[in-house]
Amino acid sequence: MSGEAIKAIDTNVLWGGGRSPFSVSYGKMMMWFFLISDALTFGGLLASLGFMRHKFADTWPVSEEIFFHFPFTHAHLPLMYVALMTFILIVSSVTMVLAVEAGHRMDKKNVILWLSLTVVGGIFFLASQAWEWSSYIAGPDGLISTWADNATLAQNPYPAANGGPGAVHYTQFFFFVTGFHGTHVFSGVVLNFIILLGVINGKYEKTGHYEMVEKVGLYWHFIDLVWVFVFTFYYLL
Amino acid sequence: MKRDDIIEYSLDSHHSAEEGKAIRKKIWFVTALLTIITAAEVLLGVFWNSIGFPWSVVKISFILLTIVKAGYIVMVFMHLGDERKALRLVILAPYALFIMYLLFILLNDASVLYNVRQALGL
């Protein structure tokens with residue numbers, strides 16, 4: 001990272017007006033402010049998860065006893081699929097930061113390569129989440145068509161849940177937390193794709209900088225950041 | 001359109017090919033670190049009972065490992081570590097303060113309500 005942000009500038013000049021004291025562009029600062037507000041939403045959601053979890057500590061299900069399925073196999077692999085999803089999202093975050101780095105060198109070819117891989121990673125994660133949802137909704141019998149013993153917002157059919165009040169809150173939080181995060185992933189993929197089209201059309205070559213890639217990059221890393229917390233506080237704890 | 005009365009911060013955030021090499025090396029290091037931490041978390045989550053760790057220790061190590069992971073993502077991937085200190089504080093300090101306050105209120109109340117539930121048999 002180079003440029004204004006790491007230059008040693010006298011405080012009186014920096015805060016004296018006529019310039020950004022943070023040495024960032026308007027767009028980047030607004031993206032950070034948006035991310036703070038979004039982080040407060042997710043923070044509130046996860047804090048309320050902690051509240052319910054402690055209030056119903058005696059009947060709260062153990063995630064390892066519910067999430068042990070893995071596609072194409074019947075082996076008992078607790079949390080392995082969620083770990084794989086976490087890994088996919090971390091890798092797509094890495095390809096994003098590599099796209100930003102290539103953008104700082106005005107390397108259009110590499111920006112296209114890494115940004116396309118980021119879009120692919122995002123789609124991969126969304127597909128994984130669709131599988132995760134359908135296998136969770138299907139319940140212990142694995143059949144999604146039998147409504148009475150499916151996991152819904154109103155019931156939790158898993159034996160690990162033993163029917164207490166915590167069990168229903170557990171399903172509700174599953175749908176709300178992973179659903180809200182999945183919505184963010186979806187919009188992130190759409191934004192990345194739009195910016196990718198701009199890169200291919202040479203829009204940022206003309207502007208002279210790839211800061212739009214950096215800004216959608218911030219949003220994409222934020223999605224990864226939220227998932228790291230969801231993984232710990234929903235699945236592990 | 002380029003204006004001369006404002007500073008185009010985005011225009012001078014470029015770096016050279018050599019600088020890029022060092023940055024990429026750092027990115028791959030952080031990638032390896034995040035992968036190892038995630039793998040360690042999963043292994044701990046699966047085997048903590050058979051190894052015989054107490055749950056309280058496992059819980060605290062999960063939270064600490066998560067905060068380490070989050071720190072690397074925010075500071076390296078989101079470049080917040082390279083921004084000016086004032087921006088870093090504006091972003092992190094109010095958020096940390098508010099969330100710690102919220103967690104204190106909610107978790108404290110939750111354990112009280114848990115005891116109430118137990119006492120009343122709800």
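Residue numbers begin at 1 in each chain, while the letters A, B, ... track the order of the sequences. What you are looking at is a predicted structure, and each value in this text was computed from that prediction instead of being measured. The figures here come from the full heavy-atom set of this structure, side chains too, leaving out hydrogens, waters and symmetry mates.
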Task: B:Arg117 side chain vs A:Lys55 backbone, donor-acceptor pair below 3.5 Å - done: yes
Task: Per-residue contact mode, A:Leu46 against chain B (heavy atom under 4.5 angstrom) - done: neither
Task: Any donor-acceptor pair under 3.5 Å from B:His14 side chain to A:Gly208 backbone - done: yes
- [ ] State the CD1-OH distance between A:Ile36 and B:Tyr95, to the nearest 0.5 angstrom.
- [x] 9.5 Å
Task: Residue pairs involving residues 101-121 of chain A (criterion salt bridge (Lys or Arg N to Asp or Glu O under 4.0 Å); sequence neighbours excluded) - done: A:Glu101-A:Arg105, A:Glu101-B:Arg24, A:Arg105-A:Asp107
Open item on the list: Heavy-atom pairs under 4.5 Å with chain A - which of B:Leu44, B:Ile67, B:Val58, B:Leu80 has more of them than the others?
Closed with: B:Leu80
TODO: Name all residues meeting the ring-ring contact (aromatic ring centres under 6.0 Å, His included) criterion together with A:His74; count only those two or more places apart in sequence or in a different chain, and write none if there are none.
DONE: none
Task: Contacts of residues 62-71 of chain A with chain B (heavy atom under 4.5 Å) - done: A:Glu64
TODO: Go through the atoms of A:Tyr26 and report whether side chain, backbone, both or neither lie under 4.5 Å from a heavy atom of chain B.
DONE: neither
TODO: Considering only heavy atoms and a distance below 4.5 Å, find which of B:Leu107, B:Leu103, B:Asp109, B:Ile99 pairs most often with chain A.
DONE: B:Leu107
TODO: Report the relative orientation of the aromatic rings in A:His104 and B:His15; use parallel for angles under 30°, tilted for 30 to 60°, perpendicular for over 60°.
DONE: perpendicular
Open item on the list: I'd like to know which of A:Gly27, A:Ser23, A:Ser48, A:Gly103 tops the heavy-atom pair count under 4.5 Å against chain B.
Closed with: A:Ser23
Open item on the list: Enumerate the salt bridge (Lys or Arg N to Asp or Glu O under 4.0 Å) contacts for residues 9-19 of chain A, please, sequence neighbours excluded, ordered by first and then second residue.
Closed with: A:Glu4-A:Arg19
Task: Which atoms of A:Trp15 approach chain B - backbone, side chain, both or neither, heavy atom under 4.5 Å - done: side chain
Task: Structural part of A:Met80 lying under 4.5 Å from a heavy atom of chain B - done: side chain
TODO: Check each atom of A:Phe33 against the heavy atoms of chain B and say whether the ones under 4.5 Å are side chain, backbone, both or neither.
DONE: side chain
